[in-house]
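These notes are about the structure you will find just below.
Computed from a predicted structure; not experimentally measured.
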Amino acid sequence: MISKELIKTEIEKVPDDRLAELYSVVKSYANPRGNGDARSLMSKLREIAIEAPEDFAENIDLYLTGEKTVG
């Protein structure tokens with residue numbers, strides 16, 4: 001099992017020029033929700049809306065190659 005003391009020991013080995021990077025990583029673990037948004041990932045994904053032609057998913061290869069165009 002990894003303890004805080006073991007982590008502190010490893011932190012002591014980090015060069016000073018990398019401390020800012022390490023701090024940002026540690027800070028992200030200390031505050032995993034970041035902006036306080038308690039919604040689940042799936043509820044956030046449901047809000048994504050893609051503006052595309054109705055047949056975009058069926059003909060994506062044609063749109064990518066330029067055989068079909070939007071508009």
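Atoms CG and CG, from Leu19 and Asp16 in turn, are 5.0 Å apart once rounded to the nearest 0.5 Å. Once rounded to the nearest 0.5 Å, the distance linking CD of Glu47 with OG of Ser43 reads 6.5 Å. Rounding to the nearest 0.5 Å gives a distance of 11.5 Å between CG of Asp17 and CG of Leu22.
The neighbour count for Ile2 CD1, taken as heavy atoms of other residues, nucleotides or ligands under 6.0 Å away, does not exceed 12. More than 12 heavy atoms of other residues, nucleotides or ligands sit less than 6.0 Å from atom CD of Glu67.
Side-chain contact between Phe56 and Ile50 is absent, with no heavy-atom pair separated by less than 4.5 Å. Contact annotation: the side chain of Tyr63 approaches that of Val70 to within less than 4.5 Å [non-hydrogen atoms, C-beta and beyond].
With sequence neighbours left out, Tyr23 forms a side chain to side chain donor-acceptor pair (under 3.5 Å) with no residue at all.
A salt bridge links Glu21 to Arg18: at least one charged side-chain nitrogen sits closer than 4.0 Å to a carboxylate oxygen.
Cluster annotation: Met1 and Ile7 are assigned to distinct hydrophobic clusters (Ile/Leu/Val/Met/Phe/Trp/Tyr, side-chain heavy-atom contacts under 4.5 Å, transitive). A single hydrophobic cluster is not seen to contain both Ile11 and Val25; linkage of ILVMFWY side chains at heavy-atom distances under 4.5 Å, directly or through other members, places them apart.
When the options Leu62, Asp61, Ile60 are evaluated for a side-chain contact (heavy atoms from CB on, under 4.5 Å) with Lys68, the one that passes is Leu62.
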